[in-house]
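Throughout, protein chains are lettered first and strands after them, A, B, ... in sequence-line order, and every chain is numbered starting at 1. Just the heavy atoms: all of them, side chains too, but no hydrogens, waters or symmetry mates, feed the values below.
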Amino acid sequence: MSNIKEFDCRPVSQEGAESPMAWTHQHHESRPAGPNPGVRIAEKAFLGHLILRGGAIVLDEAVRDVLGIALPGRPNTMTQNDAGTHSVQWLGPDEWLVIVPGGEEFELEAKLRKALGDAHFSIVNVSGGQTVLTLSGTNAREVLMKSVVYDVHPSAFPVGKGVTTVFAKATAIIRRPAEDHWELVVRRSFADYTYRWLLDAAAEYGVTQERA
Amino acid sequence: MFHIYCPYCDEYREEEEFHPSGQAHLRRPADPANSTDDEWGGYLFFRDNERGVHHEMWLHAVGCRKFFNMTRNSATYEIYETYKMGERPSVTAENVGDLKRQSGVQAETSGWQTVGARPESESLNEEEQA
């Protein structure tokens, strides 16, 4: 067991909690959706995000034991459970992003630390630092084509892929957990910019915003 | 725009995601306290300004955030190869001419590295000829 002081940074009560989108929602009226919106934008707020760093072989064993998901072995891929609630994404040769339902991250961190023992690793809880935006609908890919330099054609970006790349003038992690469903993991400070960029880019296809 | 091959991401990515980080393969003096001013100053401040084949460090800044090495031509901007940190380059100034000839590309072994690198206007090249 590593000699690290752990504390749960999630408040006991979620009352009054604000996601990184809160400011945007307060300052911008939701636009009325057209009859046949081509793009749906939603936020998956308050999820648990952990950054795992260390050797792939050691981490893989621990993540399999604790989460029941294999660590993605190939670069720019992600693995998830059948329900799609828990996912592990490759960010670098020694870095992975784990996203779990909100409230589970602290327990998961403790379990992983126990499973990893004295191995050389690092786990950082970054739940407060980033949020997940989801993009779906028939024109979701067109919106991404306008926004990122990465090739999002299905032949280059199959389901289960995830890359960190340039989004507009900011940075985002773009992943494709399902056929017609994209996720953007954005930094807290870029959330407003990214969200409003998405609304602007998606305006021509008709866009609905789902607010929590 | 270049497509640069990131040896860690294992694919070609846009140039926009990368950042150049200067000359590669610098060796830090093993004993800084007992190194001469020349050695230490050279390590800290003085870099080669090669015309032709140059080994550089690059950072995949928006991506896997790893440093890697690149061998490229500073005159033609041709990228010969990228390779991971700690590895040795397979293309060097000594063998680039041979490699070019093998792959059927016309090349010179000194001066301008490739024929295509010569500016169309000779007046641009006066300094070189002087």
Side-chain angles (χ1 to χ4, degrees), chain A residues 51-56 59 71-78 88-97 122 124 126 129-130 144-158 160-176 184-187 189-190 193-194, chain B residues 1-28 30 53-92 103:
Chain A
I51 293 284
L52 297 188
R53 300 201 66 169
L59 284 178
L71 211 63
R74 281 181 303 118
N76 302 312
T77 52
M78 60 181 284
V88 186
Q89 184 185 345
W90 186 97
L91 292 186
D94 55 1
E95 187 174 0
W96 287 266
L97 171 67
S122 135
V124 182
V126 293
Q130 51 197 30
L144 283 176
M145 282 161 66
K146 288 204 253 181
S147 315
V148 300
V149 294
Y150 198 81
D151 185 3
V152 290
H153 190 271
S155 61
F157 211 123
K161 191 157 188 177
V163 297
T164 314
T165 188
V166 179
F167 181 95
K169 291 181 182 176
T171 304
I173 297 169
I174 294 158
R175 30 200 258 159
R176 194 174 180 203
L184 297 172
V185 184
V186 293
R187 295 287 173 107
S189 50
F190 290 142
Y193 171 78
T194 313
Chain B
M1 296 291 282
F2 288 113
H3 270 124
I4 297 172
Y5 188 82
C6 172
Y8 294 101
C9 290
D10 213 11
E11 60 183 11
Y12 283 91
R13 303 287 281 260
E14 282 288 330
E15 179 192 0
E16 202 177 333
E17 298 182 5
F18 296 90
H19 196 85
S21 304
Q23 191 180 341
H25 306 301
L26 297 175
R27 190 176 292 277
R28 187 177 193 267
V53 177
H54 193 217
H55 304 290
E56 289 175 344
M57 271 199 305
W58 281 65
L59 172 64
H60 194 182
V62 184
C64 61
R65 301 204 296 259
K66 288 284 167 196
F67 284 90
F68 61 93
N69 294 322
M70 177 190 292
T71 308
R72 66 175 193 102
N73 191 311
S74 61
T76 65
Y77 302 138
E78 180 183 359
I79 297 167
Y80 298 113
E81 63 168 345
T82 59
Y83 50 102
K84 293 178 181 177
M85 297 304 281
E87 292 179 358
R88 305 297 305 167
S90 67
V91 179
T92 58
S103 58

Discussion item. Looking at A/Asp94 and B/Lys66, is any side-chain nitrogen of the basic one under 4.0 Å from a carboxylate oxygen of the acidic one?
Written reply: yes
Practice prompt. Compare every heavy atom of A/Asn76 with every heavy atom of B/Cys9, then report the nearest pair and how far apart it is.
Written response: O-ND2, 3.3 Å
Worksheet entry | Heavy-atom closest pair, residues B/Val62 and A/Val166 | CG1-N, 3.7 Å
Worksheet entry | Between B/Glu11, B/Glu16, B/Arg65, B/Glu14, the one whose heavy-atom pairs under 4.5 Å with chain A are most numerous | B/Glu11
Response to the item:
In terms of heavy-atom pairs under 4.5 Å with chain A, the winner among B/Arg13, B/Glu17, B/Met1 is B/Arg13
Worksheet item: Can you check whether A/Pro75 reaches B/Cys64 side chain to side chain, under 4.5 Å on heavy atoms?
Response: no
Worksheet item: Considering residues, nucleotides and ligands other than A/Arg53, do more than 12 of their heavy atoms fall under 6.0 Å from its CZ?
Response: yes
Response to the item:
Distance col, row B/His60:NE2 vs A/Thr165:OG1, nearest 0.5 angstrom, shows 7.0 Å
Practice prompt. Give, for atom CG of A/Asp151 and atom OH of B/Tyr12, the distance between the pair rounded to the nearest 0.5 Å.
Written response: 15.0 Å
